[in-house]
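Data block below; observations after.
Computed from a prediction, not measured in an experiment: that's the story for all the values here.
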Amino acid sequence: MTASFLAKKWLGSLLLPLPLLLLTALFGVFLLMMRHKRSGIVFVSASLLALMLLSTRPVANALIAPLEQTYAPFNAGSQPVDDIIVLGAAQVADPRLPLLSQLGNAALARISEGVRLAHAYPQARLIVSGYAGSEGRSSAELYGEVAQALGIEASRIVMLPEPKNTTEEAAAITPLIKDRTAVLISSASHLPRAMALFAAKNAAPLPAPVDHQAKDSAGTLPLYSYLPQARYLARSELAWHEYLGRLWIEVHKL
């Protein structure tokens with residue numbers, strides 16, 4: 001991994017809500033210890049209040065819903081498709097675990113949709129991407145194995161285990177889909193940024209969002225569902241990460 005890639009990962013991780021707000025709270029504690037009582041109270045209170053709000057369902061959904069509603073679900077059979085692209089996601093390649101347990105929730109949702117569309121379009125290629133990182137196997141390899149286990153012939157699968165992020169995925173995949181109709185599968189919150197990165201490479205795949213987080217229940221939710229929960233904070237972090245990614249793209253356009 002290059003120094004710039006690691007620096008970007010470190011910066012992106014530190015700017016996520018949990019570490020950022022905890023560091024802000026610690027700074028407030030430091031101010032209190034230095035006898036700057038009013039400033040310290042402001043920093044600690046503001047960071048804890050923000051952390052609490054980001055951990056609630058209404059705030060998390062308000063942040064992520066605009067991203068997830070950008071594209072409608074892909075309607076299989078609506079038009080011919082030559083290629084089905086599944087972007088990489090987190091994996092833990094632990095050989096002691098069943099194959100599907102080695103993939104994170106986002107990865108499972110993405111490859112499941114990829115396999116579903118591959119069955120709907122039996123002549124289409126299945127392009128799977130994602131690098132290994134510190135794991136022994138890449139998400140592309142795990143995707144390929146899952147697809148074969150679910151009935152997709154190995155000859156139809158194109159594995160790209162080298163791209164480390166969506167920018168590199170767009171660069172690697174664009175030449176493969178030139179003059180072909182391709183469907184791009186990713187998490188609904190991530191897809192707007194992914195589509196923008198493919199567009200920057202002059203590629204225009206069809207969007208196929210999956211892994212939606214902001215779901216509306218048909219029933220009345222109990223009051224306790226509005227209490228702060230870790231899963232809602234994780235949802236807020238997903239949205240925050242995407243907004244940071246889009247800001248990064250805009251800054252690099254300047």
Side-chain angles (χ1 to χ4, degrees), residues 1 3-70 89-92 103-110 133-134 164-166 186-194 196 209-252:
M1 295 184 211
S4 60
F5 176 78
L6 288 174
K8 182 181 175 183
K9 286 293 185 182
W10 269 99
L11 180 61
S13 297
L14 287 172
L15 290 177
L16 290 176
L18 184 59
L20 181 61
L21 293 173
L22 287 178
L23 288 173
T24 303
L26 285 174
F27 180 66
V29 171
F30 172 77
L31 291 177
L32 288 172
M33 294 173 64
M34 294 294 102
R35 301 187 184 280
H36 299 289
K37 185 175 180 180
R38 181 174 297 177
S39 297
I41 290 174
V42 168
F43 274 92
V44 172
S45 300
S47 58
L48 292 179
L49 177 61
L51 192 60
M52 182 189 73
L53 291 174
L54 290 170
S55 301
T56 62
R57 184 176 182 272
V59 172
N61 284 358
L63 286 172
I64 205 168
L67 296 170
E68 295 190 334
Q69 293 169 2
T70 304
Q91 87 285 4
V92 178
L103 295 173
N105 290 336
L108 283 171
R110 296 179 190 187
S134 58
K164 297 186 291 295
N165 53 38
T166 312
S186 190
S187 299
S189 60
H190 174 252
L191 199 53
R193 181 161 60 94
V210 295
D211 186 34
H212 294 75
Q213 303 294 314
K215 304 172 186 178
D216 292 325
S217 175
T220 302
L221 293 171
L223 290 177
Y224 63 75
S225 66
Y226 292 91
L227 293 173
Q229 296 185 31
R231 60 175 173 157
Y232 297 138
L233 178 59
R235 193 175 298 176
S236 293
E237 288 205 329
L238 277 177
W240 193 300
H241 179 267
E242 290 306 318
Y243 289 124
L244 284 176
R246 293 172 75 172
L247 178 62
W248 179 272
I249 293 173
E250 293 303 318
V251 168
H252 280 71

Sorted by chain and number, sequence neighbours left out, ring pair (Phe, Tyr, Trp, His ring centres under 6.0 Å) with Y226 holds for none
Considering only heavy atoms from C-beta outward, does the side chain of [X] approach that of [Y] to under 4.5 Å?
X    : Y    : result
L191 : T70  : no
Y243 : L67  : yes
V251 : L247 : yes

Donor-acceptor contacts, no H, no angles, side chain residues 43-54, under 3.5 Å, sequence neighbours left out:
| from | atom 1 | to | atom 2 | distance (Å) |
| --- | --- | --- | --- | --- |
| S45 | OG | I41 | O | 2.8 |
| S47 | OG | F43 | O | 2.9 |
| S47 | OG | V44 | O | 2.9 |

Between S186 and H190, the two heavy atoms sitting closest are OG-ND1, 2.6 Å
Scanning both residues in full, the closest heavy-atom pair of S225 with R57 reads O-CB, 3.9 Å
All side-chain hydrogen bond (donor to acceptor under 3.5 Å, both in side chains) counterparts of [X], not counting sequence neighbours:
X    : result
E237 : none
R193 : E242
S187 : R110, D211
Q229 : R231

* Asked: Between L26 and F30, is a side chain to side chain contact (heavy atoms under 4.5 Å, CB included) present by the stated rule, with each step listed?
  -> CA-CA 6 Å; L26 285 174; F30 172 77; over 6 Å; no
